[in-house]
Chemist: 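Handing you a structure now.
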Amino acid sequence: MPELPEVEAYRRLADKALGRTVASVRIGDQRFLRGGTDACRLRRALVGKAFAAARRRGKLLVLDVDDSDRRLGLRFGMTGRLHVDGADGVDRLVYASDRRLEAWDRFALRFTDGGSLVVSDPRLLGGVVLDPDEDVLGPDALDVGRADLHRALAGSTAALKARLMDQSRLAGLGNLVADEVLWRAGLSPLRPAGSLTDAEERRLHGHVRRTLEELVSAGGSHLGELMPERQVGGRCPRCGAELRRDRVGGRSTWWCPAHQR
DNA sequence: ATTGTGGCCTGCCCGC
DNA sequence: TGCGGGCAGGCCACAA
């Protein structure tokens, strides 16, 4: 699914769409429009304009409209893909089909030069939003500071993993990367978020940054060492213990009870 | 305010 | 061989 590393790959792909004039906007499915926007408003904001920048905040991709204070927000849910001029942002997506059906094209921009920017999403869990509220998102996990991470966790009794995935505290960690980070840091996902010692928090901070940097460098098609073991009978790649499965924050969580404490 | 839960959405996989 | 049920999780609405 698109986690932060994939969305970062999409952002780089979206760079190819900058500076090109939008000729038309096609909405493949009304349900893909979020935040109360509609096709009319989108066309008014985009047609005849070009994008000045492609930014990412957590898992939200934001395209700034040139000569305007408008912004186009793209969310990818877990099965959303970005295509620019037919090129794919990533090769494969975990949990998503590798097929490309035109019926799955939920949002498409055509440029005056004949190229296109398309969001395809079989499951409609992503969406398009005009002028997304970026302030509801916490600091970006890729370059989160030590103090910001502390603020995200301190004083909370919620499960550590649930808090790490709370996008308003820390933007960008999804289910799979959260499991990978906690596994690398040797911390139980069930620990109360506020119970970490200073040393544990520092360790976690290092692993959040390093894991994301590594996965972004890998191009967004690799989601960590734990990923292949997320199945019944899966074993810890580090110590060989059988992985445990729990539901944390409403999500399937795979972790090693032997070394994650 | 914080925390937890259920629903949305549909392709895919497994068991019958 | 076809069919139905369960599963996947980002995001949001809502409850306690």
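Reminder, nothing fancy here: chain letters follow the sequence lines and each chain counts from 1. These figures come from a predicted structure and were not determined experimentally.
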Chemist: If you compare every side-chain N and O of W104(A) against the phosphate oxygens of dG11(B) (OP1, OP2), does one of them come in below 4.0 Å?
Modeler: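 Answer yes for this pair, as a side-chain N or O of W104(A) is under 4.0 Å from OP1 or OP2.
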
Chemist: By the 4.0 Å heavy-atom rule, please label R34(A) as base, sugar-phosphate, or nothing.
Modeler: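 Contact class for R34(A): none.
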
Chemist: Mind checking if G77(A) touches a base, just sugar-phosphate, or nothing, with heavy atoms under 4.0 Å?
Modeler: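 The answer is sugar-phosphate, as G77(A) gets under 4.0 Å only of primed atoms, P, OP1 or OP2.
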
Chemist: Is the backbone of R191(A) close enough, under 3.5 Å, to the side chain of S195(A) for a donor and an acceptor to pair up by distance?
Modeler: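 Flag not set: sc S195(A) to bb R191(A) has no pair under 3.5 Å.
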
Chemist: Answer with yes or no whether R251(A) presents, from its side chain, a donor or acceptor under 3.5 Å of a partner atom in the base of dG10(C).
Modeler: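 Yes, a donor-acceptor pair under 3.5 Å.
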
Chemist: What is the nucleic acid contact for R106(A), judged by heavy atoms within less than 4.0 Å: base, sugar-phosphate only, or nothing?
Modeler: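 Nothing, no nucleic acid heavy atom in range.
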
Chemist: List the steps, then state whether side-chain contact (heavy atoms from CB on, under 4.5 Å) holds for H205(A) with H150(A).
Modeler: CA-CA 9 Å; H205(A) 177 245; H150(A) 177 73; over 6 Å; no

Chemist: Determine the contact category for T79(A): base if any of its heavy atoms lies under 4.0 Å from a base atom, sugar-phosphate if only primed atoms, P, OP1 or OP2 are that close, otherwise nothing.
Modeler: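 If one applies the 4.0 Å heavy-atom cut-off, T79(A) turns out to touch nothing in the nucleic acid.
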
Chemist: Find the distance M78(A):CE to dC11(C):C1' and express it as a whole number of Å.
Modeler: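 Whole-Å distance recorded here is 12 Å.
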
Chemist: dT10(B), dA8(C), dG11(B): which one has an atom nearest the side-chain heavy atoms of S252(A)?
Modeler: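 The answer is dA8(C).
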
Chemist: Rest of the hydrophobic cluster containing L101(A) (Ile/Leu/Val/Met/Phe/Trp/Tyr, side-chain heavy atoms under 4.5 Å)?
Modeler: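 Reading the cluster by chain and number, L101(A) sits alongside W104(A).
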
Chemist: Nearest heavy atom decides the nucleotide; on that basis, is L124(A) or A162(A) closer to the 5' end of DNA chain B?
Modeler: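 Going by which nucleotide is closer to the 5' end, it is A162(A).
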
Chemist: So, is R75(A) near the phosphate of dG10(C), with a side-chain N or O under 4.0 Å from OP1 or OP2?
Modeler: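 False: R75(A) side-chain N/O out of range (4.0 Å or more) of dG10(C) OP1/OP2.
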
Chemist: In terms of side-chain geometry, is the basic nitrogen of K16(A) or D85(A) positioned less than 4.0 Å from the acidic oxygen of its partner?
Modeler: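 Salt bridge: no.
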
Chemist: Figure out the CZ/P separation between R123(A) and dC9(B), and round it to whole Å.
Modeler: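 After rounding, the gap between these two atoms is 11 Å.
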
